Novice: 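Before we start, here is the structure in question, set down as structure tokens.
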Amino acid sequence: MRVYPGDAIRNVAVVGHGGSGKTSLVDALAFVAGSSKRHGSVPDGTALTDYTQDEIERQYSINLALAYAEWMDTKINLIDTPGYLDFLGDAVAGMHAADAALVTVNATAGVEVGTEKAWELAETQKLPRLFFITAMDKENADFERVFQDIRDHLTDKVVPIEIPVGEGPDFRGIINLFSKKCHMYKSGTKTGEYEETDIPDEHRELFERYSEVLVETVASVDDALIERYLEGKEITREESLAAMHKGVAANTMYPLLCGSSTLTYGLRALLTKIVQIVPAPLERAPIEAQAWGGSSVSAIAPKDDSPFIAQVFKTIAEPHVGEVSLFRVWSGTVNNGADTYNAPRETVEKLNHLSVAQGKERVEVPKLHAGDLGIVAKLKNTHTGDVLSTEAKPFVTSQIAYPPPLIDMSITVTKRGEEDKLGMGLTKLHEEDPTFHHEYVGELRQTIVRGRGERHLDVIVDRLRRKFGVQAELSKPSIAYRETFKGKGDGQGKHKKQSGGRGQYGDCWIRVAPAARGEGFEFINKIVGGVIPSKFIPAVSKGIVEAAERGVVAGFPVVDFTAECYDGSYHAVDSSEQAFKMAGIQAFRKVAPSCKPILLEPVMLVEVWTPDDNLGDVMGDLSSRRGQILGSEPDGRMTKVTAHIPQAEMYKYSTQLHSMTHGRGTFSCVFHSYEEVPADVAKQVAAEREKEES
Ligand SMILES: Nc1nc2c(ncn2[C@@H]2O[C@H](COP(=O)(O)OP(=O)(O)OP(=O)(O)O)[C@@H](O)[C@H]2O)c(=O)[nH]1
Ligand SMILES: [Mg+2]
């Protein structure tokens, strides 16, 4: 394997809607370039970058994965990302590690919700972008319609640099608008071989029309060029390419190409354009890095003679290998076997068997230059997102902006005694996938797992079984209800026991009143004249707290109230802390029922993005979930609805939204506040709780 310097590397993340052909494209590009030995396929389970058992079974990508294509003395690193929004975290990480995004749009489906999401993410990262219209060979493929769709819905700076000859089953070539030549593919070709011909007459008009747009867009990047263009002078191919390179790097234009991965048409042209147009890693703006232990942020140029800084953008546990880490060298170089340093974890990490990845294959390399992507196995204590540098010059850099979890489920083992194994597996899976979270919630006595969607959590359960040998199942999570008071009350708690020997005596009077939401519990000591000795007063408070934990309405903790202890009595011999605690408990139990106790439930702030067509259904569904709709407004192509929904009503919302909007709707959901539960629902909750406890 050759070692490529930074100016001979291109890092491209392939992003787009689920099923738009990313994995097939990556496989075909590596194959056509000769860097991969066979042309794999997703349905056959042989695609380079869908190699995990999960992916082969499900026939879609779950993990980002790397491949490369060596073309024109350049190594194109291809980062295949999953399109399903449940696995958006890996698309984010893939783009974080890339210098450009290749956005795939299916020739029959056009712009879809996943295309929009990928576009938005690339936009926030200001990542240079190219479009590739996939599956041009499929029945009903329509180049012009997809081009218009992109213009209308994503950007008007999209500019085709080639157009197809024929579409669908008739797709047989592409016209290069730069060279003004036509590539006619040899029928039955395995690696996209073509014959160069003149532009067929029937495509002349189309060619003229698109050439005009291209030249105009290209010229607009450069004042000198536009002047020449307006004077009617010729702009050379080299000048056009240079202008396009500049435009792409500056995000002022987004070139569009097309082809078919199945037939290997249009792929050589795509490889060539990636080399010519996509900025090399060395062209990137300096990265912002912070010297570990210091506070100053320095701008580090992405080149070989800068300090070594690399970042792990993905870890994945592989059978028989252990954990492998995919990383990007942001600056400096690294040799096989070098000692690197994970500063925040104070761990020296030796990069043994330094490699690059071609799907699941790893090819060992002696060295990696600034800008390259590498892979190593068995790092000791380095996880996704971590930064590696050197002990002499330790650095950290910006974190990968993973999307937050959207759904909660409860997880339990199906075989007793495997709880520890479950805990360990969950921790490992979180290290591998930072969009997956888990915690044991003591009050619910449940382990709660959080993820991006049900599909995501199903994959987690599969992995637990496959990688950690733990059988687990998901169920509806319990809700952390609370209770509080709406009214005031007062009364006495007296604990008196005489059973031979030393007795027990505690006596207190308390006034209970509601406090503002979120205030918690406050104990107010109003004892005067030592009617309760001050050393016993904290015990009264303790008793109240303990009783409040056990609830009044349905056995959930009571919050947001004050208790004022204003009178009481004691016995010189029989009083003790324990006795006053018991008195506190009894006082609370006696007074609480008269303070109009109510049940509170967590209410979420939910934002839903839906196509206009489904707005009625989405609103209706939200209302039926005891939701309070706060408003709706247009947001791009979608309408955004904001609502408050009880957490108890959010179970399986992602599935429902998916089916109501045919996969186009998305939502976010964060905790907002605790609110009163309507009386009829409260009754139901109390009855269920009683059943659980019995
Ligand atoms: N006819 C035709 N089918 C294609 C082409 N490219 C991909 N497909 C098929 O489209 C389906 C989806 O392709 P994938 O490559 O898995 O799509 P993806 O974008 O990686 O999907 P996710 O991983 O789920 O995001 C598969 O059945 C492919 O065989 C193409 O150029 N022509
Ligand atoms: Mg895929």
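Quantities reported herein were computed from a predicted structural model and do not represent experimental measurements. Numbering starts at 1 and runs along the sequence shown. Counting starts at 1 for both ligands and their atoms, in listed order.
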Novice: Inspect the contact between D408 and R450 and indicate whether a charged nitrogen and a carboxylate oxygen are less than 4.0 angstrom apart.
Specialist: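 Yes, this pair counts.
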
Novice: Keeping E607 on the side-chain end and S668 on the backbone end, is there a donor-acceptor pair under 3.5 Å?
Specialist: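 No; zero donor-acceptor contacts below 3.5 Å.
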
Novice: Using the ring of each side chain (for Trp, its six-membered ring), is H183 parallel, tilted or perpendicular to Y194, with breaks at 30° and 60°?
Specialist: parallel

Novice: Return yes if a side-chain donor-acceptor contact under 3.5 Å exists between Q311 and H96, otherwise no.
Specialist: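 The answer is yes; a qualifying pair exists.
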
Novice: Any donor-acceptor pair under 3.5 Å linking the side-chain atoms of E361 with those of Y51?
Specialist: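 No pair is found: no donor N or O on one side chain lies under 3.5 Å from an acceptor on the other.
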
Novice: On the six-membered ring of F436, is R463 placed so that its NZ or CZ lies under 6.0 angstrom from the centre and within 45° of the ring axis?
Specialist: no

Novice: Take atom CG of D612 as the centre, draw a 6.0 Å sphere, and report whether it contains more than 12 heavy atoms from other residues, nucleotides or ligands.
Specialist: yes

Novice: Could you grab the protein N, O or S atoms closer than 2.8 Å to the Mg ion (ligand 2) for me?
Specialist: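 Listed by chain and number, the nearby protein N, O or S atoms are T23 OG1, S61 OG.
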
Novice: Under a plain distance cut-off of 3.5 Å, with no hydrogens placed, do N63 and K314 share a side-chain donor-acceptor pair?
Specialist: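 Judged by distance alone, the side chains do pair up.
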
Novice: What does the 4.0 Å heavy-atom contact list look like for ligand 1?
Specialist: H17, G18, G19, S20, G21, K22, T23, S24, V42, P43, Y60, S61, P82, G83, Y84, A135, D137, K138, S260, S261, T262

Novice: Between the side chains of S61 and D50, does any donor sit under 3.5 Å from an acceptor?
Specialist: yes

